[in-house]
Amino acid sequence: MSRHAAAPTSSFARYDSTPHGKESMNEIAAVIFDLDGVLTDTAEYHYRAWRRLADELGIPFDRAANEAFRGVGRDDCLRLLLGGRTVDDFDELATRKNRYYVESLSALTPDDILPGSTELLAELKAAGIPVAIGSASKNTHTVLRGLGLDDAFDAVIDGTLITCSKPDPEVFTKAAAALGVTPGECLVVEDATAGIEAGLAGGMWTLGIGPLSRVGAAHAVVPSLDGLTWARIRTLIDDGAWTLRRPAGADPDQHLETILTIGNGHIAVRGTTLEGRPGEQPASFMHGVWDDMPVSRSELANLPRWWGMDVWANGARLGADPSRIADAWWSLDLRTGTLTRTLTWTPDDATTIALVDERFCSLDQPHAAAVRLRLAVTRGDASVHVRSGLDVHVDNLGLRHWDLVDQSVDGLTVTTVTRTRATGIELAACAVLRPDESAIESCDADGQPAILASAILSEGQTWQATKYVALASSEERFDRRTRVAEIAATSARAGWDALAAVNRQAWATTWHASDVLIDGDPAAQIAVRYGLFQLLSVAPRLADSSIGAKTLSGFGYRHHIFWDTEIFMLPLFTFTQPDLAARMLGYRWHRLDGARRKAAASGAAGARFPWESAGTGDEVCPVWVENPADPANLIRIWTGDLEMHLGADVTYACLQYWRVTGDDAFLRDRGAEIICDTATFYATAAVLEDDGRYHFRNVIGPDEYHEHADDNAFTNAMAAWHLRQAPRVLAWLEETYPAAAADLRTRLGIDADREALWRTVADAMATPRERDGVTEQQEGFFDLTAVDFALARDPGRTLSMQQIYGLGPTAHTQNLKQPDVLMLAYLLPELFTPEQFLANYRYYDPRTDHELGSSLGPSISAIIACRAGDPTAALTHFRRAAQADLVDVRGNARDGIHGASAGGLWQAVVFGFAGLRIDDDGWHTAPALPPGWTRVAFSFLWRGERQDVVVRASDA
Ligand code: G6P
Ligand code: MG
């Protein structure tokens, strides 16, 4: 029940239809400047004043120490200076420093304005963009007067008006309020680490002035304002809205490796280093390359290491001594799927090398990837060796999948052919190296064919080597050995720039279809785009594959495919890139035989998709797994046996796909078969009891805190809905494609009795109890132990409710891992009156472990809260979903991207905040934008035609 009235379907014209594609950027309505170090170099005067005081006190102090004083209030600076020493004349010391500082200010003139500032301020004024000062300094007005800038700002918030020092955002949020704009519409220009943190904490765009080491957390970084136009700044911030930049620390960081995963819909590679370091979890995967394993039964084989290069300079090996690497940064360009690392390397005391390495998997050519290494010797001379090749000695967390079939080194080309041990899938890999002038040697070690390129470089010289890679498996029909050689050679002939250009173009097309623009919340903008990137980079571009719960980004869940795909990820594709959605549904269709085997094993007819699916479509859910907390006792995993709502989920996805795309051929050739045969499973698995109702006992619904549930509301209602859809689909088929219908009936054995059974079971499905409008989640749920709300909402809680109570005992409480009845209300809103919906919301929402339960929950809770008329609560849920990977709230992102959360983010924006709803006649929106959000824009395809949707806060 959104507080906004739903726009009638016929009022499309209400929304302006400007395409919001790449030409459109986030709106910035105002600019807030820090003062010292940004507009003028008083940072230097501050330094001298502190230095004088420090000398008087006999405390060592230098420019490096002064860096930490930037943006920090006077008293806090003094505390930093004293470093724990206690003094009884604190105030006198602060006053003395200020006297020294103010003395130097008397010499200030307009000449002390830093280059570029005056021009930028004039440009902003002409453009009508309000500007403010947000400075911790209590001398702000004195400084502005000295610079002749006393009238240049629409608002000045200085150290006298605030109670909290940066990194608290107070100074900036007060400046935004003084300008009458929301924080998310502001750009903060800052030279201090604390100032950038303050801007980010305030939810603003940030431009950092200075080195990455100081302001690298900003959305964009420049050395100074000199020569910067407003248009240039807008472009830099726009680039920032497409970039994930992170410091590359000395220690391996598997969380970072996961979130820096790149891919092209066929191959993906984690963001581990080029050179490899102990403690990393290097991995690259390709759709379809399944191999057997114990316990989890099947997983994608980690591909031979194709992206690596070993680098030596003057005998020292890159990465061997991490303390010799400085200023290392990763930068992931979401616009092109290119991962770049920059660093400074001091291989020995006399030599410094600036190193850049970049990689991408081509979205234009799904078999191709490229890696480039660039070196610039900035000090001393360097004898450089680079070894580049293929390494088949790789494993999946200790398990080896490859047997070497063949390898070769021929000139600058290396090739390997490997075969998976159990499934016999063959993989051909080829890497062609193109180095700048070098001496070349070949190294043909067993399983590690490589080329060694050597060069002697003197100070000022640059050198680069590019590795063009091609990979193909026997899952594809062509002659893979010849093909990979051709692809790698063609790439090498075209060169990096040409390859990068076509890759960029392919990504531009993809983004044009799927991008979402959010104004007023930079963090939300980047998080949604990041989630989209992770899904777009693994959606199958070549064959009918699907996306596992952890995408192709790690070993978590061994790449298995769950309902996460159909219910959480697929809508993005159904609505924006339906050809990719069709491939993922095709993955299910191709595995109907596996589903039939599972149904038969459960003593039923029809098809039952496995809870966890891999290559064959048979159940690959582990049955017992180790419990790291209690190694003596294994944990029984029941989901493969008991969680049975997947057939209805897949049917839901098929019908949503059909309704949105109008793809009749899909429903005729694939969808109808899936829907009818999975319906038969439900009809034959449901048990008729003495009460005359059909029951599903001992099941697991979406809320997995309650295993062994009887008559789970979600499962029963989805199955009943499904059983009603099946005859409708069959009737449609009979009317539209009678021959296909007759064929389907014969193949699936659908006679009048079968159809009658579908209907009977649907009509007589056990329905849960209802109390005060609240649907009981499963039999007996109302009688379970009440939730300890103080504990559940304790902001200091670090364990999930299930971890607190234990696996078994949690099931005896009303704590939910994720929405269950509310999930049903999301998917099938027509089953609930507005009053019932609200009653269920009020009952179940507080009982859900939003904080640390399932990562699938928060995005759906955001949509539910929007529909309940509470966009503020929705934003809290949304932010939790947004942090699943970027912040790693659950501490398990090292195992891989939370794909469902990423897909749920898109749904939260489109179906939640923008309130897009479709029905047989068309679509409409019912916006419920959260506080601060000023505009949401996205596109989707309705029956093949592009629809551009723009929702503004002012529409409400
Ligand atoms: C700015 C400077 C800091 C300084 C602070 C307080 O933020 O960057 O270095 O300590 O203002 O200045 P004040 O003039 O009040 O001592
Ligand atoms: Mg400053």
Side-chain angles (χ1 to χ4, degrees), residues 562-564 567-568 602 611-612 621-625 627 635-649 682 685-687 695-720 765-771 774-789 791-792 797 799-828 839-858 860-861 864 890 900:
F562 297 63
W563 77 312
D564 303 36
I567 295 298
F568 295 84
S602 345
W611 182 244
E612 298 189 23
C621 181
V623 180
W624 295 94
V625 297
N627 180 0
I635 300 176
R636 174 72 162 90
I637 302 295
W638 285 106
T639 44
D641 303 81
L642 309 183
E643 195 149 357
M644 56 183 294
H645 54 82
L646 180 58
D649 304 331
Y682 285 124
V687 177
H695 297 261
F696 291 119
R697 301 224 175 253
N698 192 18
V699 305
I700 303 176
D703 161 37
E704 294 173 348
Y705 280 178
H706 295 92
E707 296 177 333
H708 312 294
D710 287 335
D711 289 326
N712 167 256
F714 181 92
T715 306
N716 287 23
M718 288 294 286
M765 182 68 73
T767 47
R769 272 196 290 176
E770 196 182 306
R771 200 170 72 190
V774 179
T775 299
E776 189 173 40
Q777 179 178 301
Q778 72 208 43
E779 205 177 275
F781 185 89
F782 289 147
D783 310 323
L784 298 176
T785 308
V787 169
D788 177 346
F789 290 109
L791 176 63
R797 180 161 66 87
L799 298 175
S800 73
M801 296 310 277
Q802 192 182 51
Q803 283 167 325
I804 290 173
Y805 291 114
L807 234 52
T810 312
H812 300 296
T813 73
Q814 292 178 340
N815 288 287
L816 305 190
K817 185 179 178 186
Q818 70 185 82
D820 195 297
V821 173
L822 293 175
M823 186 74 205
L824 178 64
Y826 168 50
L827 295 180
L828 300 177
N840 279 289
Y841 174 68
R842 292 199 191 105
Y843 184 84
Y844 285 112
D845 188 73
R847 286 171 170 75
T848 309
D849 187 355
H850 299 295
E851 294 81 1
L852 292 155
S854 170
S855 66
L856 276 58
I860 302 304
S861 292
I864 295 285
R890 283 176 180 72

Task: Asp564 vs Leu856 side-chain heavy atoms within contact, under 4.5 Å - done: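 Asp564 vs Leu856: side chains touch.
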Task: Sub-4.5 Å side-chain heavy-atom contact between Leu791 and Tyr805 - done: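 Of all side-chain heavy-atom pairs linking Tyr805 with Leu791, at least one is under 4.5 Å.
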Non-hydrogen atoms of [X] and [Y] that approach each other most closely:
X: Val821; Y: Gln777; result: CG2-CA, 3.7 Å
X: Gln802; Y: Glu704; result: NE2-O, 4.4 Å
X: Leu824; Y: Ala717; result: CD2-CB, 3.5 Å
X: Tyr682; Y: Ala648; result: OH-N, 3.1 Å
X: Gly701; Y: Asn712; result: CA-OD1, 3.5 Å
X: Ala792; Y: Arg797; result: O-NH2, 3.1 Å

Please check if the side chain of [X] supplies one atom and the backbone of [Y] the other of a donor-acceptor pair under 3.5 Å.
X: Tyr826; Y: Pro819; answer: no
X: Thr715; Y: His645; answer: no
X: Asn840; Y: Thr775; answer: yes
X: Tyr844; Y: Val774; answer: no
X: Thr848; Y: His850; answer: no
X: His706; Y: Val699; answer: no

- [ ] Test the Arg771-Phe782 pair against the cation-pi criterion, namely NZ or CZ under 6.0 angstrom from the six-membered ring centroid and within 45° of the ring axis.
- [x]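 Judged by the rule, Arg771 and Phe782 form a cation-pi pair.
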Open item on the list: I'd like to know if Arg697 pairs up with Asp710 as an ion pair, taking the criterion as any Lys NZ or Arg NE/NH1/NH2 lying under 4.0 Å from an Asp or Glu carboxylate oxygen.
Closed with: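 A salt bridge links Arg697 with Asp710.
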Task: Check ion pair Asp820-Arg847 (N to O, under 4.0 angstrom) - done: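 Answer for the salt bridge query: no.
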Open item on the list: Hydrogens and angles aside, do Asp711 and Asn716 bring a side-chain donor and acceptor to less than 3.5 Å of each other?
Closed with: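 Side chains of Asp711 and Asn716: pair found under 3.5 Å.
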Open item on the list: Run Phe562 and Thr639 through side-chain contact (heavy atoms from CB on, under 4.5 Å) and show every step you take.
Closed with: CA-CA 11 Å; Phe562 297 63; Thr639 44; over 6 Å; no
TODO: Mind checking ring pair (Phe, Tyr, Trp, His ring centres under 6.0 Å) for His695 and listing every partner two or more places apart, or none if nothing turns up?
DONE: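 Ring pair (Phe, Tyr, Trp, His ring centres under 6.0 Å) check on His695 returns nothing, list empty.
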TODO: Pick out which of Gln814, Met801, Gln818 makes a side-chain contact (heavy atoms from CB on, under 4.5 Å) with Tyr705.
DONE: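 For Tyr705, the side-chain contact (heavy atoms from CB on, under 4.5 Å) test succeeds with only one of Gln814, Met801, Gln818, which is Met801.
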- [ ] Kindly write out the residues that satisfy salt bridge (Lys or Arg N to Asp or Glu O under 4.0 Å) with Asp788, not counting sequence neighbours, or none if the list is empty.
- [x]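 Expected list: none.
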